[in-house]
Amino acid sequence: MKRILMVACLLAVCLAAAAQNSYQNYYDASIISKELLPYASAVIRSEEISNEVKDLDNTIYHVKRVITILNQNGDDKLNLNVSYDKITSIRYIKGLIYNQYGKPVQKITDRDFDDYAETDGFSLFIDDRVKHYKKAVAQYPYTIEYEYELKSRQSLAFADWMPNYESGVAVEKSSYTFICPPEFNIRYKQFNLSSNVTIGKNKNLMKTYTWQTADMKARREEPFSLYPEKLVTRVTIAPEKFIYYGVTGSFTNWKELGKWLYDQLLVPRQQLAPETVEHIIDITKDIGDPKLKAKRIYEYMQEKTHYVSVQVGIGGIQPFPASDVDKQNYGDCKALVNYTQALLKAVNINSYYCVVKSGRRYNIGLMDDFPSMNQGDHIILCIPFKNDTTWADCTSQTIPFGYLGAFTDDRTVLACTPEGGKLLHTPKYTTQSNLKNRKAEFVIDNNGQLSGSMATIFKGTYYEFRDVLINETQTEQYKILQKIYPINNLEIEKFNLKQDKSFDPATTENIQFHARDYASLTDGKFYFMLNPVNRLAEAPRQVRNRLNEVYINRGYTDDDEINYTIPAGYHLEKVPLNISIDKPFGKFTATMSLNGNKLTYKRKLQLIDGTYDKDTYGDVVDFYQAVVDADEYSVVLIK
């Protein structure tokens with residue numbers, strides 16, 4: 001018997017040692033395939049993510065991930081930030097840290113996390129909180145194995161699976177499983193994934209949908225690329241039936257989702273006090289044109305209210321009542337659009353509450369063929385006048401009626417109407433309409449001082465480019481202008497900014513200034529920079545073996561003319577600047593001429609939005625470099 005016990009103990013010790021060695025071998029950073037290391041600062045060794053719907057108001061989100069951080073750049077790729085709110089609770093978080101050889105060195109406990117409000121920088125009221133892991137490892141590489149689970153009392157929105165969302169992260173293996181009762185129907189859409197979903201049942205007879213991927217090389221950041229979600233492996237899921245903050249609903253298309261939003265979240269909140277309705281009727285009674293009437297109401301809303309973001313409870317998707325906004329004089333995008341709708345309704349002007357994905361860097365529209373609640377993040381207003389649909393963003397106190405700007409232009413949105421949801425498209429600001437036009441008259445005196453005036457007109461998405469100056473003191477305005485214009489020793493003498501808020505809005509900037517020692521005098525020659533006001537700083541970096549198409553999100557036109565008066569008796573020492581480039585993605589001309597003591601410089605740069613073949617990128621870099629070189633042209637005057 002003793003011999004048997006001794007053998008059993010030895011066997012247990014050996015098995016434990018083998019298991020420990022197995023863990024250490026697996027987590028050893030040196031065994032990562034060299035094929036996965038290029039451009040990687042972190043490698044996901046293993047990732048298992050699941051979403052389980054136990055009931056409409058009971059869903060479980062589980063994450064188990066092992067990630068090796070190869071260098072300091074990989075610390076930001078760890079992504080050990082766990083968000084929660086009033087309907088989502090953290091069931092547990094646990095983890096282990098391993099050194100470069102795969103040996104466990106430290107447990108991760110609750111003390112290793114900061115817990116704070118998940119502010120977005122502009123919301124005054126917000127429910128969301130986040131647990132953020134405080135990194136305590138200084139030696140690279142290291143590996144972290146962590147696991148957490150969330151319980152949520154909603155089934156409207158589910159997190160997407162995106163194993164390679166971060167650039168610079170390679171993936172050894174990752175899987176995502178969605179688990180639900182047989183009667184819980186979903187729709188799913190997958191992107192950039194070669195394998196198909198595996199559909200089955202688990203031991204509890206729950207439906208399962210599983211996606212897997214492996215051996216994914218790290219994505220490299222490439223300038224002028226599409227929105228990352230267009231490039232990565234991704235699975236997104238939407239339910240048919242759901243509960244959100246106790247409100248039930250169902251949808252299989254955009255029409256049904258828009259109908260639910262309209263009936264459940266909007267209609268009950270558009271009542272106004274009788275005296276407010278009477279006031280709106282009174283201030284618009286002498287205006288016959290419905291569009292001008294709507295403009296007056298929009299400006300009334302701007303004068304009366306200010307924007308405060310609210311992300312509390314169902315308020316994350318439901319607006320405050322219009323009557324509350326009327327009393328309190330503030331609201332978020334949802335509340336201000338809903339309030340403006342109510343004001344317009346007082347004079348029988350119909351309008352639509354529209355869900356949109358906002359952002360200036362990329363124009364991201366809602367997916368035509370895949371309705372879901374988590375695609376939008378902002379609300380704007382649509383007023384469908386006959387043959388003249390007008391759009392408005394209600395969160396700004398300064399932009400003109402009918403102006404959207406780069407934040408929400410040229411993308412598909414969901415309009416919530418009494419008949420249901422409708423997909424509409426916001427207007428596009430084109431290369432020609434995004435115009436910055438500058439005329440300047442400069443004088444260079446015998447001491448090299450530059451003085452003069454310039455007038456600049458900003459149109460299209462450029463209209464907002466000087467909004468930063470509007471509410472500043474004159475002293476602060478001058479400081480900002482000295483940063484905008486790269487002229488040494490710049491002293492502003494006069495400055496004026498006017499904004500035309502008509503249906504073709506424009507901002508006009510007028511400046512008078514002087515700058516000592518702008519031109520240097522050496523050995524009887526004058527030297528000065530030809531373009532002192534609108535220079536391109538640098539060209540995009542070269543990318544060899546580019547993978548992605550070239551994407552230019554927004555076109556624009558810069559048109560500058562500067563007329564210099566120079567000291568008499570001088571002529572040009574070198575060949576005058578004269579360059580012209582014409583490419584499918586852009587056009588550039590820059591010329592100069594000297595007639596007596598009048599030197600004229602003209603510059604026109606056009607960037608043309610669109611998607612171009614990846615092989616075009618080298619031409620894009622050369623184009624930008626040619627602009628940079630032309631912008632750095634230095635004039636040399638001799639007698």
Side-chain angles (χ1 to χ4, degrees), residues 191 223-231 254 258 291 298 333 337 351-372 374-385 387-396 398-417 421-437 458-465 467 501-507 548-558 583-587 605-613 616 620:
F191 305 83
F224 292 97
S225 289
L226 288 163
Y227 183 53
E229 289 189 9
K230 296 282 189 181
L231 304 174
W254 285 115
K291 187 170 182 178
Y298 177 81
C333 61
V337 167
S351 61
Y352 300 150
Y353 178 102
C354 296
V355 181
V356 61
K357 175 65 175 176
S358 63
R360 291 182 170 83
R361 186 175 179 185
Y362 302 100
N363 295 1
I364 307 161
L366 306 186
M367 291 184 280
D368 294 2
D369 61 346
F370 191 81
S372 67
N374 53 357
Q375 294 183 48
D377 61 8
H378 188 52
I379 305 298
I380 57 177
L381 186 68
C382 174
I383 310 175
F385 296 115
N387 302 321
D388 188 13
T389 298
T390 300
W391 299 82
D393 190 313
C394 298
T395 59
S396 170
T398 59
I399 64 173
F401 177 66
Y403 177 83
L404 289 180
F407 199 50
T408 55
D409 80 314
D410 190 24
R411 62 203 78 189
T412 300
V413 306
L414 174 65
C416 302
T417 80
K422 298 178 181 179
L423 291 182
L424 305 176
H425 202 87
T426 57
K428 176 180 178 177
Y429 296 96
T430 65
T431 294
Q432 291 73 30
S433 61
N434 295 326
L435 175 65
K436 179 167 58 178
N437 182 266
F458 302 88
K459 303 189 75 173
T461 57
Y462 272 133
Y463 172 86
E464 299 174 89
F465 267 44
D467 279 5
K501 296 190 177 185
S502 66
F503 295 125
D504 183 22
T507 297
N548 300 321
E549 293 177 308
V550 173
Y551 172 67
I552 297 175
N553 179 55
R554 194 174 311 283
Y556 62 83
T557 301
D558 285 4
K583 297 290 184 180
F585 52 80
K587 300 177 181 181
L605 171 63
Q606 280 192 322
L607 198 64
I608 302 169
D609 59 282
T611 303
Y612 304 91
D613 188 271
T616 307
V620 172

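- Using a 4.5 Å heavy-atom cutoff, the side chains of Leu226 and Tyr362 are not in contact.
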Under 3.5 Å, side-chain donor or acceptor atoms of residues 400-409 against the rest of the protein: list the pairs with distances, not counting sequence neighbours.
from, atom 1, to, atom 2, distance (Å)
Tyr403, OH, Gly460, O, 2.9
Tyr403, OH, Glu464, OE2, 3.3
Asp409, OD1, Arg554, NH1, 2.9
Asp409, OD1, Arg554, NH2, 3.2
Asp409, OD2, Tyr429, N, 3.4
Asp409, OD2, Arg554, NH1, 2.8

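- Atom CD of Glu549 sits about 7.0 Å away from atom CG of Asp613, to the nearest 0.5 Å.
- A heavy-atom distance below 4.5 Å is not found between the side chains of Glu229 and Ile364.
- Across all non-hydrogen atoms, the minimal contact from Cys354 to Val413 is CB-CG2, 4.1 Å.
- The shortest heavy-atom contact between Gly555 and Asp609 is N-CB, 3.5 Å.
- The number of heavy atoms from other shown groups lying within 6.0 Å of NZ (Lys291) is above 12.
- In terms of the side chain to side chain donor-acceptor pair (under 3.5 Å) criterion, residue partners of Ser225 (sequence neighbours excluded) are, by chain and number, Arg546, Asn548.
- Here the closest non-hydrogen pair linking Tyr551 and Asn363 is OH-N, 4.0 Å.
- When atom types are taken as modelled, the side chain of His425 and the backbone of Arg411 share a donor-acceptor pair closer than 3.5 angstrom.
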Quiz item: Could you walk me through whether Ile380 and Trp391 pass the side chain to side chain contact (heavy atoms under 4.5 Å, CB included) check?
Solution: CA-CA 7 Å; Ile380 57 177; Trp391 299 82; 3.8 Å; yes
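- Of all heavy-atom pairs spanning Gln432 and Thr557, the tightest one is CA-OG1, 4.1 Å.
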Practice problem: Please step through side chain to side chain contact (heavy atoms under 4.5 Å, CB included) for the pair Tyr612 and Ile552, ending with a clear verdict. | Solution: CA-CA 8 Å; Tyr612 304 91; Ile552 297 175; 4.0 Å; yes
Quiz item: Are Val550 and Thr611 close enough, and set up right, to give a side chain to side chain contact (heavy atoms under 4.5 Å, CB included), and what steps lead you there?
Solution: CA-CA 6 Å; Val550 173; Thr611 303; over 6 Å; no
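- Contact check for Lys459 versus Asn434: no side-chain heavy atoms found under the 4.5 Å cut-off.
- A donor-acceptor pair under 3.5 Å is absent between the side-chain atoms of Ser351 and the main chain of Cys382, judged by distance alone.
- The structure places CG of Leu424 at 9.0 Å from OG1 of Thr412, a figure rounded to the nearest 0.5 Å.
- With values rounded to the nearest 0.5 angstrom, Tyr353 atom OH is found 11.0 Å from Leu381 atom CG.
- Looking only at distances, no side-chain donor or acceptor of Ser358 sits under 3.5 Å from a matching main-chain atom of Val356.
- Around the NZ atom of Lys501, the shell of radius 6.0 Å holds more than 12 heavy atoms that belong to other residues, nucleotides or ligands.
- A distance of 8.5 Å separates CG in Asp467 from CD1 in Ile399, rounded to the nearest 0.5 Å.
- The closest side-chain heavy-atom distance from Trp254 to Leu366 is below 4.5 Å.
- Counting only N and O atoms by type, the side chains of Asn437 and Tyr462 include no donor and acceptor under 3.5 Å apart.
- Rounded to the nearest 0.5 angstrom, Arg361 CZ and Asn553 CG are separated by 9.5 Å.
- Side-chain atoms of Thr431 come within 3.5 Å of backbone atoms of Leu607 as a donor-acceptor pair (strictly under, hydrogens ignored).
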Quiz item: Could you go step by step and tell me if Leu414 and Lys422 meet the side chain to side chain contact (heavy atoms under 4.5 Å, CB included) rule?
Solution: CA-CA 6 Å; Leu414 174 65; Lys422 298 178 181 179; 6.0 Å; no
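- The two residues Lys583 and Ile608 make their nearest non-hydrogen contact at O-CD1, 4.4 Å.
- Checked by atom type and distance alone, the side chain of Gln375 pairs as donor or acceptor with a backbone atom of Met367 at under 3.5 Å.
- Looking at every heavy atom in both residues, Thr389 comes nearest to Pro384 through OG1-CA, 4.2 Å.
- Note that the CD1 atom of Ile383 and the OH atom of Tyr298 stand 9.5 Å from one another [nearest 0.5 Å].
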